[in-house]
Structure formats: structure tokens, C-alpha cells
There are 2 protein chains.
Amino acid sequence: MATPVSFGMRDGLREHRRKLTRPRQAILDIIAAAEHHLTPAEIHKRARKKYPHLGLVTVYRTLDLLTELGYVRRVHFNDGCHSYVAAAQGHAHHLVCSNCGKAQEFENCDLEPLIANLQRKTGFEINVHMLELMGRCPDCSVTANAMAKKARR
Amino acid sequence: MATPVSFGMRDGLREHRRKLTRPRQAILDIIAAAEHHLTPAEIHKRARKKYPHLGLVTVYRTLDLLTELGYVRRVHFNDGCHSYVAAAQGHAHHLVCSNCGKAQEFENCDLEPLIANLQRKTGFEINVHMLELMGRCPDCSVTANAMAKKARR
DNA sequence: ATTATTGCAAAACGTTTGCAGGTTC
DNA sequence: GAACCTGCAAACGTTTTGCAATAAT
């Protein structure tokens with residue numbers, strides 16, 4: 001399955017001759033441990049608990065760096081864009097809970113037939129795709145059902 | 001195929017008892033005629049040629065309105081978010097040229113099997129999905145090939 | 001010692017809001 | 001004439017930049 005992300009990120013930094021600093025460690029820890037997608041502001045707030053001096057600017061710069069190195073992925077939403085999650089290696093997409101925000105990656109998107117079909121029909125040469133699914137995670141789904149039941153009484 | 005979008009938008013405004021004003025007409029014309037996805041700023045710039053007094057604020061408000069009524073759709077990107085295109089009725093996704101920005105809609109995304117599969121595996125109750133494909137449109141593809149040929153000489 | 005990285009303050013964006021005046025129905 | 005819409009200016013939140021001080025290699 002997924003490789004331990006935080007180690008991957010740390011090694012990646014070294015390989016790319018970028019320095020592993022205390023602020024970056026704090027940020028890495030937060031992202032690697034997050035069960036959520038997080039906005040830069042959220043990351044900043046959380047990482048400050050471990051490293052109170054941390055500036056928001058550094059969060060932005062670190063996110064850019066990690067995205068570039070492929071250890072973090074940007075997630076888009078219909079309203080406020082731009083949250084980040086630790087990325088599994090290789091091609092992947094996200095499944096996000098619209099209620100609690102929990103995010104989960106999946107890899108086999110199986111869009112090849114659709115893409116092949118569209119390439120034939122439109123003449124486009126398709127090489128990037130963005131797919132995000134949203135809905136209720138098991139926990140929130142249960143809660144919703146329970147509340148519905150309650151309301152029905 | 002697609003209904004004539006501009007008429008649809010105009011009628012829609014009337015149906016919803018919203019007024020059809022000159023600024024809105026200018027904006028509608030631009031969006032309906034665009035072969036591109038356009039940012040609010042782009043729309044503003046273009047629509048000003050027809051209606052020089054137009055304020056950017058009005059563009060934002062009109063876009064919100066049209067999105068709400070379903071005549072316009074927001075498109076997301078990896079870098080700068082938030083462009084808009086005229087929307088065909090019903091469920092649809094976009095195919096965007098990464099070179100010139102030309103956008104095209106398609107409807108049959110055929111994600112049902114994937115979604116069913118993921119629901120079974122993860123327990124999520126999936127009800128929204130966002131799919132965007134990017135690549136070179138036929139024109140840009142040709143240009144790229146021609147340039148490559150040239151370079152090889 | 002060298003070079004990258006940080007944090008601050010301030011600028012630059014994109015977007016939203018309050019409000020007086022103007023337009024459409 | 002009532003309700004809606006517009007534009008301005010100004011507020012707002014997010015992201016970026018210049019720069020001197022600091023920390024990692």
C-alpha cells in the first residue's frame with residue numbers, strides 16, 4: 001500500500017539538496033499525520049503548536065516545494081479552493097467527505113476508455129486529468145441516518 | 001445537442017424575475033460567444049468594449065447569479081482557479097486545451113462503475129464528482145507537431 | 001564558509017460588502 | 001413607483017515579494 005509518507009518527504013528533501021529545517025519538520029509532521037485535507041492557514045495553526053515561531057509565509061513556501069517534489073497534492077473544491085493532502089506516490093485521486101472533510105486517496109481511476117473515446121471524438125490529445133469525488137464518509141453517513149431517524153419520530 | 005445558450009440565459013433571467021440590464025447583456029454576450037473559459041477579469045475586459053462603464057463588481061455578481069441559475073459553470077485549474085464557461089444543460093464536464101484554453105463540454109463521463117466500486121470498498125456515499133480533462137486541442141496539437149518538425153531540421 | 005531558509009512588514013491579488021444613485025419592469 | 005441593479009470606494013482574506021537576520025550543510 002502507501003509508503004510511509006513522512007519518511008519519503010524527508011528523504012526527498014535531502015535528495016534534492018534542500019535543507020531539513022525545524023519549521024519544515026513541523027509542517028511535514030502535520031501534513032503527514034493529517035486525516036484531513038488542510039488549508040495553508042490550518043497547517044500554519046497546527047504546526048505552530050510544535051514550532052510557535054512559524055510564519056505563514058513559510059507554510060506557503062514549503063507547500064510549493066513539497067508540491068513540486070510530488071509529496072503533497074493540491075485539492076480543489078467548488079467553493080474555497082486550495083487545500084493540501086499528503087500524496088501517495090504515483091497517480092492518484094481523492095475522495096473527500098463533504099461533511100467532515102476526511103480525505104482518502106484512490107488510484108485506479110480507470111478513465112482510459114473514456115479518454116480514448118473522447119480523443120477519438122474530439123481530436124484532443126488528452127494528457128492530464130483531474131478527478132475528485134465527494135460524498136459522505138461512513139461515519140458521517142451513519143450520523144446522518146441516525147438524525148433522520150430521530151427526526152422521523 | 002446543446003441548446004442556444006444565450007437565449008436560454010436571457011429567458012432564464014426573465015423566468016426568475018431578474019432584470020435584463022445592459023451590463024448583464026454585455027456579460028451574457030461575452031460568455032455565450034466565448035470559445036474559451038474566461039476569468040472574471042477577462043470577461044470584464046471584453047465586456048467593457050461593448051459597455052465601457054461596466055464595473056468588475058457587476059461581473060462577479062452576474063457570474064454568481066448565472067452560476068446559481070445553472071447557465072454558467074465554474075472551471076477549476078491546478079494553478080489559478082476560477083474560470084467560467086457557458087454551461088450546457090444537465091450534467092457535464094470539461095475538456096480544456098492546456099495551450100490555448102479552448103474548452104469543450106462532454107456529458108457521458110461514465111463514472112458509475114468506478115463510483116459503485118469505490119462505494120463498496122470505502123463505505124463512502126458518493127454524490128458529487130468533479131472531472132476535468134486537459135490536453136492539446138486539435139489545432140494546438142498540429143502546431144506543436146509542426147514546430148517539432150521544424151526543430152528537427 | 002557557503003548557501004538555503006526564515007520571518008517580518010508590506011505589497012499585490014482576487015473577491016466581497018455597504019451604500020447612494022440609476023435603471024428596469 | 002417599487003424593486004432591482006449598478007458603480008464606486010473601501011474592506012477583506014489569501015498569496016507573494018524584498019530584504020536583513022538566521023540556521024543548516
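Residue numbers begin at 1 in each chain, while the letters A, B, ... track the order of the sequences.
- Going from atom CD of A:Glu15 over to atom P of C:dA4 covers 18 Å, rounded to whole Å.
- In this structure, A:Arg24 reaches the C:dT6 phosphate: one of its side-chain N or O atoms is under 4.0 Å from OP1 or OP2.
- Taken together, the paired segments of DNA chain D that extend over three or more consecutive Watson-Crick or G-U pairs, each closer than 3.5 Å at both contacts, are C:1-25 with D:1-25.
- In this structure, CD of B:Gln25 is placed 13 Å from C1' of C:dT23, rounded to the nearest angstrom.
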Item to check | Sequence-aligned protein contact record of nucleotides 20-25 of chain D, with B where the base is within under 4.0 Å of a protein heavy atom and S where only the sugar-phosphate is | outcome: ----BS
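- Rounding to whole angstrom units, CG of residue A:Leu56 and C1' of C:dA9 are separated by 13 Å.
- Across B:Leu20, B:Thr62, B:Val72, a single residue satisfies side-chain contact (heavy atoms from CB on, under 4.5 Å) together with B:Leu28, and that is B:Leu20.
- Summarising the geometry, the separation between CG on A:Leu28 and C1' on C:dT5 is reported as 14 Å, rounded to the nearest angstrom.
- Among D:dT15, D:dG18, D:dG7, the nucleotide with an atom closest to any side-chain atom of A:Arg61 is D:dG18.
- Comparing C:dT17, C:dC8, D:dT16 by their closest approach to the side chain of A:Asp64 singles out D:dT16.
- For B:Tyr60 and C:dT15, the shortest distance from a side-chain N or O to OP1 or OP2 is below 4.0 Å.
- Atom NE2 in A:His44 sits roughly 8 Å away from atom P in C:dG7 (whole-Å rounding).
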